[in-house]
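As structure tokens, the structure follows; a few thoughts come after it.
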Amino acid sequence: MTIPPFDPRSADTRWQQRWEADGSFFADSRSAKPKTMILEMFPYPSGRIHMGHVRNYAMGDVLARARRMQGLEVLHPMGWDAFGMPAENAAMERGIHPGGWTRDNIASMRSQLKRLGLAIDWTREFATCDPEYYGHEQAIFLDFLEAGLVDRRDAWVNWDPVDNTVLANEQVIDGRGWRSGAVVERRKLTQWFLKITRFADALAADLKTLDQWPDKVRLMQENWIGKSLGLTFRFDVEGSDDHFEVFTTRPDTLFGASFAAIAIDHPLAQKVAAANTQAQAFIDAVRATGTAAADLETAEKKGFDTGLSVRHPLDPGRSLPVFIANFVLMEYGTGAVFGCPAHDQRDLDFARKYMLPVTRVVATDDDAQTPIGDEAYTGPGRMVNSGFLDGMDVDAAKAAVIARAESGGWGRGATVFRLRDWGVSRQRYWGTPIPIIHCDGCGPVPVPRDQLPVVLPEDVSFDRPGNPLDRHPTWKHVNCPSCGKPARRETDTLDTFVDSSWYFIRFASQPADKPFDRAEAEQWLPVAQYIGGVEHAILHLLYARFFTRALAHVGRIGLVEPFRGLFTQGMVTHETYKDQSGQWLEPGAVEKRPEGWVETASGKAVVAGRAEKMSKSKKNVVDPDAILDHYGADAVRWFMLSDSPPERDLAWSLSGIEGAHRFVNRLWRIAVAATGAANGAAEAAANPGLDRLVHRTIAGITHDIDRLQFNKAVARAYELANAIEKAGLGAAGAGAVRTLLRLVAPMVPHIAEEAWALLGGEGLIIDAPWPVADPAMLVDEEVTYVVQVNGKVRDRLVMAKGLGQDHVSAAALATDRIAALVGGQTPKKVIVVPDRLVNIVV
RNA sequence: GCGGGCGUGGCGGAAUGGUAGACGCAGUGGACUCAAAAUCCACCGUUGGCAACAACAUGUCGGUUCGAGUCCGACCGCCCGUACCA
């Protein structure tokens, strides 16, 4: 009987259909098994999946499948982050409806994903643009509104005057709208805010509980929240009733103050400008400079002397000039600062420019008399030139100034956060409508809950810029739920980050009549392992943490941290190629010849660049569908998991996928060999060593998968495969082969099922229990000692495990090689590391 | 500027302070074949040597240690994040 080779074209769909027919991946909330939720960040339905998706979902799938084999009830869901600008852009460019475009994309991406054979419970699939989803989101918004977690206020936004819409900061490039190219204006609009700052302290403090998150992400969030401790105090303007507050983290340096500075948007600056055209001109000039990062970096410190002065709070005889300064931000702290040039570089630059005094107030033991040069001193030391603070260290002085301010009633200790409240209003059509009705008499009135969802109208046009909801003939015209008079719907929609801030809870529980059932959701949450790109380290992950806390605050759920484990995977990259004129070339258009890389068609030399993230503009994209057609799902999955550690970038290569494909075929040959006749001689000779390796591999791969070190699991699988082939046991090796198959089944599930069936395994391999290593088999009876002389390896010695130190050192010294090297001297020292190594020092 | 990460063969990468280079890719030689593909076997850090073996070798320089890729200090390079944050 000849067994045909493995053919993924038939096997992949056959097993996928079988799993689906069996409901293998259905996550049963009523199961008595321990439950776990494995989640990868859900995709935006852009149209096609890319290799980054494949890598992301392959990793999550390994974990989900392994946990399932380990006896857990696994929830591994999939859905669509379906609202957003690209759909509206497509609508404008092609005259199609955003909803139709989105649903078509979802359909094609779903079928692409299914080809990968992912262990997903598709019964829980949803898209955030489903009214059933966003209706519940509107209900949550109303919950938050009732609980005082929603605010409506004026805010500065980036306004594109051509597209008539607000732009996110990321959509402003060099001060221009990324689509229209129009110069972006700063506009003040009334916006809805979610009060994330209410939780700023908890969001920062609880980062330390997230011990299964990468340190890097925790640090990024900590910096983003930006908690600073210090003093807020009042400056009184001399000769008037005006006063303003400043915040400082260095109250200790207050005696070194030589000026005060306020932001151009500060109310006092506005007041000054109203009466002073030069001040107004300065403000206009600063505003025109733009706020792009590049501008700020090179921008000189500039100020306008208002002619006003403020009293020094600790030294009433002194007064300080007040400047309007370009480096003071209204958005941070109080929009006003005091300048202490000696101990702050920015203040020093400013003071030198405007000839302000520079007084050292912090000194180390030997530099109290040294004047400050071009560099501010920000280190520790003792206070000088500081009145009652003299002699104190920095920390004591901070506390003393705060105490003095509080008792004097002119200031108080304060905590300031960099984190701002979350503006969620978007002047867009393709998003969740904000469930509010504006009434001239009653103000903003919540839509009654029995009228949810507020559904987006289908009949909209994108022939003109701006928000189609705003100009829809009928949609926004409704009566006020409170007084019944004619009123208008809110036409802004929610930021799409709101949609992704609670989708994982909806995955865990999706009743029709409410966003989620608390008890059911809590069975699955928090997510045991969340996997996605590091680009979401701040916004999405912070918003989701906030949302979960806010839901707990309103009593809807009993947890505050949604993701227990977080893993940020690297990108999939590919080499890039450019021709002599600098045009990007597709990998398929070039080849490597002895003389170097050339363009195949023309034979002209090509410059091979480094591997970069796959992108259309660099023409280095590899389409998963074509690869799946050619190699099948298992080879692609295996390649995505091998070679590179998962947190680092993975360079796609043809030879890499070829190698993965070879391994899949080799697994099949190994299985086929195990159906043959037993090779008795080989069995007797090779079995003990192989058995030990099998158990070591079980322990190793289990451990590697737990830690998401798939590249190491892959290496161990190769080792075991090599050893099985080398042993040449035939059917006598079937046990080892079956174990290998179970170990690789989470990674290459289709070939694993096929080979499992071939070897007569019971049921499906995904229903087979995960192998368990026998601890006795992990311990060797014999160990190889490394014998070093003066730290250099000179010999190896196989001895029984657990011998005494004297015995080991005597044995080492007795070998001819070592005896010759030691040459009869008495060793100065012999170090014995039990069961590992002997080092003889002469 | 600040914060973080990373530097190991031709390449991706392994390595609880204890045999550096597991495993894969690429390459070289051979077997099978009319031939090729596939597959199998062997070799595969550098230098010297027929060999046994020796020396060198984990970005650079120093330190701790019987012993350092790993720990400590200084520096160089690359990558990522972030920024007038008071």
Side-chain angles (χ1 to χ4, degrees), chain A residues 5 214-220 222-224 226-228 230-232 246-251 253 260-261 263 291 293 295-302 325-329 331-340 344-347 349-350 416-419 534-535 537-538 570-571 592 610-611 638-639 642-645 647-651 653-660 662-663 665-666 669 709 711-722 725-726 784-796 817 827-842:
Chain A
D215 291 343
K216 175 185 174 166
V217 174
R218 291 193 289 180
L219 191 69
M220 284 166 74
E222 195 180 321
N223 291 339
W224 185 265
K227 182 177 179 173
S228 299
L231 170 74
T232 349
V246 302
F247 173 72
T248 177
T249 55
R250 293 297 303 273
T253 64
T291 53
D295 295 332
L296 292 177
E297 196 163 347
T298 53
E300 214 183 325
K301 311 283 172 273
K302 280 189 213 153
N326 66 342
F327 62 83
V328 182
L329 305 176
E331 294 82 41
Y332 184 76
T334 60
V337 298
F338 82 81
C340 174
D344 181 289
Q345 190 60 44
R346 191 195 48 204
D347 293 346
D349 295 346
F350 190 82
V416 163
F417 292 94
R418 204 188 83 107
L419 185 68
V534 73
E535 66 272 18
I538 295 174
M571 298 181 298
K592 189 165 192 174
R610 41 169 241 190
W638 187 255
F639 179 42
S642 40
D643 292 348
S644 284
E647 69 277 8
R648 286 201 217 166
D649 290 351
L650 172 74
S653 70
L654 191 62
S655 53
I657 181 68
E658 290 276 357
R662 273 202 296 275
F663 179 71
N665 290 333
R666 194 162 149 231
R669 284 197 305 276
Q709 298 180 326
N711 57 321
K712 293 190 208 169
V714 163
R716 287 187 214 274
Y718 274 115
E719 261 175 317
L720 182 55
N722 290 347
E725 283 198 319
K726 198 151 205 159
T784 303
Y785 273 87
V786 169
V787 185
Q788 297 180 337
V789 177
N790 291 337
K792 285 187 188 290
V793 180
R794 297 299 179 184
D795 206 356
R796 263 143 244 208
R817 262 184 73 76
K828 286 183 190 142
K829 200 169 180 182
V830 178
I831 289 123
V832 177
V833 181
D835 296 333
R836 297 203 74 139
L837 169 143
V838 186
N839 189 14
I840 297 157
V841 185
V842 290

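Letters go in sequence order (proteins before strands), and every chain restarts at 1. Both backbone and side-chain heavy atoms feed into the values below; hydrogens, waters and symmetry mates do not.
Looking at the side chain of A:L837, the nearest of the listed nucleotides B:U19, B:G18, B:C23 is B:G18. Side-chain proximity of A:T248 to B:C66, B:A86, B:C85: nearest is B:A86. Here the nucleotide nearest the side chain of A:Y332, chosen from B:A22, B:C85, B:C40, is B:C85. Taking every side-chain heavy atom of A:N223 into account, B:G3 is the closest of B:A54, B:G3, B:A22. In the set B:G18, B:G24, B:C85, B:C85 carries the atom at the smallest distance from any side-chain atom of A:R346. Side-chain proximity of A:M220 to B:G81, B:C85, B:G24: nearest is B:G81. With distances taken from any side-chain atom of A:R796 to the nucleotides B:G13, B:U19, B:C66, the minimum falls on B:U19. With B:U19, B:C40, B:G4 as the candidates, the nucleotide lying closest to the side chain of A:R666 is B:C40. Here B:G13 is the nucleotide among B:G18, B:A83, B:G13 with the atom lying nearest to any side-chain atom of A:R648. With distances taken from any side-chain atom of A:N711 to the nucleotides B:G13, B:G18, B:U19, the minimum falls on B:G13.
Separating the C1' atom of B:C72 from that of B:G1 is a span of 26 Å, rounded to the nearest Å. When the P atom is used for both B:A20 and B:G69, the distance is 9 Å, rounded to whole Å. Using atom P as the reference point in both B:U82 and B:G13, the two lie 24 Å apart (nearest Å). On the C1' atoms, B:G59 is 6 Å away from B:G7, given to the nearest whole Å. Between the P atoms of B:A22 and B:G45, the separation comes to 9 Å (whole Å). Rounded to whole Å, the C1' atom of B:G18 lies 12 Å from the corresponding atom of B:U65. Comparing the same atom, P, in B:U70 and in B:U64 gives a spacing of 15 Å after rounding to whole Å. Rounded to whole Å, the C1' atom of B:G3 lies 38 Å from the corresponding atom of B:A26.
Side-chain N/O atoms of A:R669 include one lying less than 4.0 angstrom from OP1 or OP2 on B:C40. At B:C85, none of the side-chain N or O atoms of A:K227 fall inside 4.0 Å of OP1 or OP2 (strictly under the cut-off). Here A:K216 does not reach the OP1 or OP2 of B:G5: none of its side-chain N or O atoms lies under 4.0 Å away. Between A:K792 and B:C56, a side-chain N or O to OP1/OP2 separation shorter than 4.0 Å is present.
For B:G5, the base adopts the anti conformation, since its glycosidic angle falls more than 90 degrees from zero.
Within 4.0 Å (heavy atoms only), A:N722 reaches sugar-phosphate atoms of the nucleic acid but no base atom. Residue-level contact check: A:L329 touches the bases, meaning some heavy atom is under 4.0 Å from a base atom. As judged by a 4.0 angstrom heavy-atom cut-off over every strand, A:S642 is placed among residues making no nucleic acid contact. A:K712 comes within 4.0 angstrom of the backbone, heavy atoms only, and of no base. At a threshold of 4.0 angstrom between heavy atoms, the contacts of A:V793 are confined to the sugar-phosphate backbone, with no base atom among them. Base contact: A:V786 has a heavy atom under 4.0 Å from a base atom. Residue A:R794 is in sugar-phosphate contact alone, with no base atom involved, counting any heavy-atom pair closer than 4.0 Å across all strands shown. A:V534 comes within contact range of no nucleotide atom at all, as no heavy-atom separation falls under 4.0 Å. Looking at heavy-atom distances under 4.0 Å, A:Q788 makes contact with a base.
Interface remark: the A:K301 side chain does form a donor-acceptor pair with the B:C84 base, using a distance-only criterion of under 3.5 Å. Contact annotation: side chain of A:R662 to base of B:U39, donor-acceptor pair absent below 3.5 Å.
A donor-acceptor pair under 3.5 Å is absent between the side-chain atoms of A:Y785 and the main chain of A:R796, judged by distance alone.
With a 4.5 Å cut-off on side-chain heavy atoms, A:N722 and A:R666 count as touching. Contact annotation: the side chain of A:V830 never approaches that of A:N839 to less than 4.5 Å [non-hydrogen atoms, C-beta and beyond].
Across the protein-nucleic acid pair, A:K726 atom NZ and B:C23 atom C1' stand 14 Å apart, rounded to whole Å.
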